[in-house]
Amino acid sequence: MTAPGIPTAAISRLITYLRILEELEREERLTTSSGALAERAQVNAFQVRKDLAYFGRFGTRGMGYTVSVLKRELTRVLGLNRSWNVVIVGMGRLGQAIAHYPGASEYQFSYVGLFDVRSDLIGLQVDVPARRDLHSGLGQGFQARTLHIQHIDSLAAFTAQQPVDMGFLAVPTEHAQSAAQSLVEAGVKGILNFAPTLIQPRAKEGGHLQEISDEWRDVMVENVDFLVGMKRLAFYMLNPQLNEPDPEEKT
Ligand SMILES: NC(=O)c1ccc[n+]([C@@H]2O[C@H](COP(=O)([O-])OP(=O)(O)OC[C@H]3O[C@@H](n4cnc5c(N)ncnc54)[C@H](O)[C@@H]3O)[C@@H](O)[C@H]2O)c1
């Protein structure tokens, strides 16, 4: 369930609460409170209760939350209790770094295909982390499995054989739109775009998704850019007086 009108920031905070609940579980804490979660998440307790209330009632008034129950419920709400098949498009520096990073497999994200256009990369073997067994604990060793980089032209044939939920786009800016189009034509409905450009026509401006063409209907695009973070940091270091918390986070 994703009720209308839930701010993007609230979803980001739920992801933070889930990480904190995993920390609490590692510390063998059985229960927690909105105050304790708020302190670790650097928000206030009202914000925690408000964010959780978007999705239901998870605690008991005056008793707080059972860590394992809240963790299970947030995992479900965030859709992390199911598996997600991911392809990486663009296996240059960033694509290869992402493919090797084990973090994604902790949450049932599994790399099933790697694609590029460069002839010297096609056929290259890459070891990717295998999906973590949901029942094994966090922090356990990751198993690797080997994928071969394939040409982007074979993406549609690939998705006809193997369901793919998401594509990570790690191609140069000038190729981002056409590579995104290849993903959409292959039926991939989620794109995590690392290229510093907005993918059209499913652009997202000011947190709002714009009008989309029929072919792109139901396609979601998320943009990730660490340079934005660097530039924001530089701005606030030069203008610390302008660093206001999100109005949503005020009591
Ligand atoms: N979001 C971030 O924080 C972040 C960080 C680093 C880089 N980037 C961006 O990620 C992108 C990749 O950076 P890089 O350093 O890995 O570049 P790179 O040149 O090392 O790799 C890009 C790869 O994309 C491949 N490619 C080009 N067109 C393609 C297509 N249509 N289909 C499939 N593959 C295609 C190229 O052959 C190449 O192997 C760039 O847009 C860069 O600006 C983003």
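Whatever order the structure lists them in is the order used to number ligands and atoms, beginning at 1. The residues of the chain are indexed from 1 along the displayed sequence. The model shown is predicted, which means the values in this text are computed figures rather than measured ones.
Of the protein's heavy atoms, F226 N, 2.8 Å lies nearest to atom 3 (O) of ligand 1. Annotation: atom 9 (C) of ligand 1 to nearest protein heavy atom, F194 O, 3.5 Å. Of all protein heavy atoms, the one closest to atom 19 (O) of ligand 1 is R93 NH2, 3.8 Å. For atom 42 (C) of ligand 1, the closest non-hydrogen atom of the protein is P196 CD, 4.1 Å. The closest protein non-hydrogen atom to atom 31 (N) of ligand 1 is A179 CB, 3.9 Å. Summary of contacts: the protein heavy atom closest to atom 12 (C) of ligand 1 is A170 O, 3.3 Å.
Taking OG from S182 and CG from L169, the interatomic distance works out to 9.0 Å, rounded to the nearest 0.5 Å. The CG atom of L14 sits 12.0 Å away from atom CD of E73, with the distance rounded to the nearest 0.5 Å. In this structure, CG on L238 lies 9.5 Å from CG on L233, to the nearest 0.5 angstrom. Distance check, rounded to the nearest 0.5 Å: OH of Y65 to OG1 of T31 gives 12.0 Å.
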Go through it in stages, so that I can follow the logic: the residues are Q108 and L80, the test is side chain to side chain contact (heavy atoms under 4.5 Å, CB included), and I'd like the CA-CA distance, side-chain angles, deciding distance and then a yes or no. CA-CA 7 Å; Q108 298 288 88; L80 299 174; over 6 Å; no

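In this structure, a donor-acceptor pair under 3.5 Å is absent between the side chains of T75 and N81. For Q181 and E185, the side-chain atoms include at least one donor-acceptor pair closer than 3.5 Å. There is no side-chain donor-acceptor pair under 3.5 Å between N85 and D165.
Near D225, the atoms of ligand 1 lying under 4.0 angstrom from a non-hydrogen atom of the residue are 1 (N), 2 (C), 3 (O). Against a heavy-atom cut-off of under 4.0 Å, V89 is close to the following atoms of ligand 1: 32 (N), 33 (C). Every atom of ligand 1 is numbered from 1 in the order shown, and the set under 4.0 Å from a heavy atom of A195 is 41 (O). Close approach of ligand 1 to H175 is summarised as follows: ligand atoms under 4.0 Å from at least one heavy atom of the residue are 27 (C), 28 (N). Close approach to I152 involves these atoms of ligand 1, each under 4.0 Å from a residue heavy atom: 32 (N).
By heavy-atom distance, the residue among L227, V117, L94 lying nearest atom 7 (C) of ligand 1 is L94. Considering only non-hydrogen atoms, atom 39 (O) of ligand 1 lies nearest to D116 out of N193, D116, L114. Closest heavy-atom approach to atom 40 (C) of ligand 1 within the set V171, L155, T173, V228: this belongs to V171. Between G90, G95, P172, G92, it is P172 that holds the heavy atom closest to atom 27 (C) of ligand 1.
Polar contact with ligand 1: absent for L121 (N/O pair, distance under 3.5 Å). Of the N or O atoms in S178, none lie within a sub-3.5 Å distance of an N or O in ligand 1. Geometrically, ligand 1 and V224 share a nitrogen or oxygen pair separated by less than 3.5 Å.
Tested against F194, the residues I98, N223, V171, D225 include a single side-chain contact (heavy atoms from CB on, under 4.5 Å) partner, I98.
Between F168 and Y111, the ring planes are perpendicular. Angles over 60° get that label, and only those under 30° would be called parallel.
Checked by atom type and distance alone, the side chain of N239 never pairs as donor or acceptor with a backbone atom of Q241 at under 3.5 Å.
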